[in-house]
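The structure appears below as structure tokens.
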Amino acid sequence: DNVVKRLLAGALLQAGNREEAKKVLGQLPQDAGVELAVLQAAGSKEEMEKGLKSAIGKYENNGLLRLYDGVLKLDAGKY
């Protein structure tokens, strides 16, 4: 069930097991929420930024992704 997989992926992320979380997220139908979770599981900032740019282009309703992009830019000091 997809709900159980989402919960499992969230638990794995919280436990610091990024690779296992990515595997579980890869089994889910892609949407903006799943893309955001995959970004949070990214191993590096570069991987995160590249994935975020791609995800923003995929979804018309991408406000949550744009918010996350703003947080990353704020953290980097790019006001």
Could you check whether Lys73 pairs with Asp69 (Lys NZ or Arg NE/NH1/NH2 to Asp/Glu carboxylate O, under 4.0 Å)? yes

Under a 4.5 Å side-chain heavy-atom rule over Ile, Leu, Val, Met, Phe, Trp and Tyr, are [X] and [Y] clustered together?
{"X": "Tyr68", "Y": "Ile56", "result": "yes"}
{"X": "Leu39", "Y": "Leu64", "result": "yes"}
{"X": "Val38", "Y": "Met48", "result": "no"}

Please collect all side chain to side chain donor-acceptor pair (under 3.5 Å) contacts where either partner lies in residues 39-52, sequence neighbours excluded, each pair once. Lys22-Glu47

CA sep, side-chain torsions, deciding dist, call: Gln30, Tyr59, side chain to side chain contact (heavy atoms under 4.5 Å, CB included): CA-CA 10 Å; Gln30 294 299 303; Tyr59 302 102; 3.8 Å; yes

Looking at every heavy atom in both [X] and [Y], which two are closest together, and how far apart are they?
{"X": "Ala32", "Y": "Asn61", "value": "CB-O, 4.4 Å"}
{"X": "Leu13", "Y": "Ala41", "value": "CD2-CB, 3.4 Å"}
{"X": "Ala21", "Y": "Ala9", "value": "CB-O, 3.8 Å"}
{"X": "Leu12", "Y": "Val24", "value": "CD1-CG2, 3.9 Å"}
{"X": "Pro29", "Y": "Val34", "value": "O-CG2, 3.5 Å"}

Nearest-0.5 Å distance that lies between atom CG in Leu28 and atom CG in Leu8: 9.5 Å

How long is the straight-line distance from CG of Leu52 back to CZ of Arg66, given to the nearest 0.5 Å? 9.0 Å

Kindly write out the residues that satisfy side-chain hydrogen bond (donor to acceptor under 3.5 Å, both in side chains) with Arg6, not counting sequence neighbours, or none if the list is empty. Asp31

